[in-house]
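Here is the naming used below: chain letters follow the sequence lines, and residue numbers restart at 1 for every chain.
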Amino acid sequence: MSDSSQRRIALVDVNSFFASCERVFDPKLMGKPVVVLSNNDGCVVARSSEAKALGVAMGVPWFKISAWAPSVGLVARSSNYELYGDLSARVMSILQEFSAAVEVYSIDEAFLELTGTPEELLATGHRIKEAIQTRLGLPVCVGIGRSKTQAKLANAGAKKSAGMNGVCNLDMFSAEKLDFIMAALPVDNLWGIARRLSKRLAAQGIHTIKDLRDADPVRIKKKFGVVVQRSVYELRGIDCIKLEGERLVKNQVMYSRSFATPVTTRKQMEEVLAVYAQRVSKRLRKQGSVAGALTCFAGTSRFANEPFHSPYVNAVFSIPTNDPVEILKASSSVLLNRIEEGRKYVRAGILLHDVSPKESHQYLDLFTPVHERRQLGETLDKVMEKHGAFSIGLGAAGFKSAREWEMKREMLSLRATTRWDELATVYAK
DNA sequence: TCTGGGGTCCTAGGACCC
DNA sequence: TCTGGGGTCCTAGGACCC
């Protein structure tokens with residue numbers, strides 16, 4: 001290793017990930033403005049660069065632009081998380097080939113540790129980009145810096161400036177050039193600084209990323225806390241936010257959905273909770289955990305004329321559990337009483353907290369709850385896997401037809417990489 | 001008519017203890 | 001009238017991320 005060889009952090013992320021995934025199996029979408037919608041085809045959650053250029057805002061409700069869309073050739077897709085999840089796993093496995101230290105940060109991003117001279121690192125960045133493009137058909141950008149915050153900044157640079165061909169290593173800039181770039185960027189462009197903090201920072205005369213980098217860390221900590229102080233150090237090239245191993249086990253597990261049509265009766269809500277309890281407990285079992293407590297909530301629309309109403313209930317389990325029956329009982333017993341008949345509830349959810357590995361709770365059999373011994377949750381999972389989601393259910397959820405309130409996805413693409421019956425078809429000319 | 005679904009970390013304040 | 005000081009643990013809520 002030469003003197004100029006250094007350890008650096010790279011951030012690799014897929015451009016317009018969901019929209020790019022849609023294009024992989026539907027090349028007609030190439031070059032066209034594409035948006036992907038949230039559950040229930042509610043809002044825009046991803047936009048191709050062409051859609052951004054049309055001025056489509058992130059989070060805009062689809063119903064507000066659906067009439068206008070055809071006139072500009074804008075195409076919408078329902079979100080297809082099965083496809084995105086699978087392609088994401090493939091991206092991450094390619095990244096492992098380039099570094100032993102990879103932190104999967106989100107569905108479309110990862111931090112990697114890389115070592116080399118500035119020129120070598122730049123070349124590695126281009127090889128990563130090339131590999132993911134040719135093997136998966138997904139476009140990525142790579143940002144390289146001395147800390148995660150710098151890598152994020154570099155990645156944003158790679159996206160913005162066409163001349164870099166999607167790869168940016170901050171070390172390639174002179175100090176003067178770096179000052180110039182940071183001074184041109186508002187502080188809320190920085191990872192970790194959003195609307196509220198940037199407003200408070202502005203009141204202290206900190207407007208640009210350069211202002212923040214050059215601010216006094218002690219004063220920053222006093223006024224804004226350690227999180228912002230870390231950003232100051234990270235901007236200066238001192239890495240404070242270490243690379244983490246992949247977090248396979250979550251500390252909180254939630255299942256929450258909006259309804260396709262409002263739920264207005266206790267009876268219906270009971271059915272909703274029965275289904276959600278089953279689904280959230282499945283997520284918990286999947287990661288081998290049990291939960292010590294839960295919050296269950298329902299809510300009316302914030303956009304309706306009627307006053308917003310959002311009852312919730314907290315419950316603690318005497319013995320941590322992943323049993324759907326226990327979860328359902330704790331969720332529905334109090335919440336259902338607080339549901340006011342006739343109100344239009346548009347969403348509900350169950351949030352499990354105090355989550356820990358199941359093995360850490362081995363009790364004498366005498367104290368094992370009866371449902372635990374029956375392995376009810378696992379049995380439900382198996383039956384549903386084999387015979388479909390409507391084959392079996394708990395209590396009010398145990399009937400076979402689709403429900404009115406279940407979410408709608410009317411523009412769903414094929415789950416081409418995970419379902420045999422949805423393979424993509426290729427036509428020869 | 002129609003407005004997402006997950007997560008994380010940190011801080012402030014209350015309860016409680018000695 | 002005057003009414004300690006330090007520590008821990010827990011929870012709710014704020015702020016952020018994708």
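Aromatic ring pairs are classed by plane angle as parallel below 30°, tilted from 30° to 60° and perpendicular above 60°; the pair A/Y105 and A/W191 is perpendicular. In this pair, A/W405 and A/Y276 present their aromatic rings perpendicular. The plane angle is above 60°, beyond the 30 to 60° band.
Salt bridge status for A/E97 with A/R135: present, with a side-chain N to carboxylate O gap under 4.0 Å. Ion pairing between A/R7 and A/E113 holds under the 4.0 Å rule for side-chain N and carboxylate O. Note on A/R419 versus A/D421: no salt bridge recorded, every NZ/NE/NH1/NH2 to OD/OE distance being 4.0 Å or above.
Residue pairs that meet the salt bridge (charged side-chain N to carboxylate O under 4.0 Å, His left out) test with at least one member in residues 214-229 of chain A, sequence neighbours left out, are A/K210-A/D214. Residue pairs meeting the salt bridge (charged side-chain N to carboxylate O under 4.0 Å, His left out) criterion with at least one member in residues 188-206 of chain A: none, sequence neighbours excluded.
Summary of the strand contacts: A/N251 and A/R347 both lie near DNA chain B, and taking for each the nucleotide with the nearest heavy atom, the more 5' one is attributed to A/R347. Closest-nucleotide positions on DNA chain B for A/F303 and A/V226 were compared, and the one nearer the 5' end corresponds to A/F303.
We find that CZ of A/R230 is positioned 14 Å from P of C/dC17, with the value rounded to whole Å. The separation between A/H353 atom NE2 and B/dG6 atom P is 15 Å, rounded to whole Å. Distance CZ (A/R302) to C1' (B/dC2): 18 Å, rounded to an integer number of Å. The interatomic distance linking A/E109 (CD) with C/dC18 (P) rounds to 5 Å, in whole Å. Straight-line distance from the CD1 atom of A/I350 to the C1' atom of B/dG6: 15 Å, rounded to whole Å. One interatomic measurement links the two molecules: CE of A/M58 to P of B/dG5, which rounds to 14 Å at whole-angstrom precision. In this structure, CZ of A/F224 is placed 11 Å from P of C/dC16, rounded to the nearest angstrom. Atoms OH (A/Y81) and P (B/dG6) sit 9 Å apart, rounded to a whole Å.
Contact annotation for A/N40: no contact, since no heavy-atom pair falls under 4.0 Å across all strands. Within the 4.0 angstrom heavy-atom criterion, only backbone atoms of the sugar-phosphate kind lie near A/R257; the bases stay farther away. Here A/V60 lies out of heavy-atom contact (under 4.0 Å) with every strand. A/V346 comes within 4.0 angstrom of no nucleic acid atom, judged by non-hydrogen atoms across all strands. Among the heavy atoms of the strands, none lies under 4.0 Å from A/F17. A/D41 comes within 4.0 angstrom of no nucleic acid atom, judged by non-hydrogen atoms across all strands.
Distance noted for atom P between C/dC18 and B/dT3: 26 Å (whole Å).
At the phosphate of B/dG5, OP1 or OP2 sits under 4.0 Å from a side-chain N or O atom of A/S258.
Centre separation under 5.5 Å together with a plane angle under 30° does not hold for the ring of A/W62 and the six-membered base ring of B/dT3, so they are not marked as stacked.
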Original post:
Could you write out DNA chain C as a dot-bracket string, with dots for unpaired bases, | for bases paired across to another strand, and Watson-Crick or G-U pairs counted at under 3.5 Å?
Top reply: ....||||||||||||||

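Residue A/F297 places its CZ atom among more than 12 non-hydrogen atoms of other residues, nucleotides or ligands, all under 6.0 Å distant. Around the OH atom of A/Y81, the shell of radius 6.0 Å holds more than 12 heavy atoms that belong to other residues, nucleotides or ligands.
Residue A/F63 places its side chain closer to B/dT3 than to any other of C/dC17, B/dG5, B/dT3. In the set B/dG6, B/dG4, C/dC18, the nucleotide with an atom closest to the side chain of A/K152 is C/dC18.
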Can you give the donor-acceptor pairs under 3.5 Å from side chains of residues 87-95 of chain A to other protein atoms, not counting sequence neighbours?
{"residue": "A/S88", "atom": "OG", "partner": "A/I107", "partner atom": "O", "Å": "2.6"}
{"residue": "A/R90", "atom": "NE", "partner": "A/D86", "partner atom": "OD2", "Å": "2.9"}
{"residue": "A/R90", "atom": "NH2", "partner": "A/D86", "partner atom": "OD2", "Å": "3.1"}
{"residue": "A/S93", "atom": "OG", "partner": "A/R90", "partner atom": "O", "Å": "3.4"}

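For the segment residues 183-201 of chain A, the set of residues with a heavy atom within less than 4.0 Å of an atom of DNA chain C comprises A/L190, A/W191, A/G192, A/I193, A/A194, A/R195, A/R196, A/L197, in numerical order.
Both the sub-6.0 Å distance and the 45° axial angle are satisfied by A/R257 relative to the ring of A/Y255.
With rounding to the nearest 0.5 Å, the separation of CG in A/D26 from NZ in A/K32 is 8.0 Å.
In terms of modelled atom types and a separation under 3.5 Å, the side chain of A/S38 and the main chain of A/C43 share a donor-acceptor contact.
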Identify each atom pair where a protein N or O and an N or O of nucleotides 7-12 of chain C are less than 3.5 Å apart, giving names and distance.
none

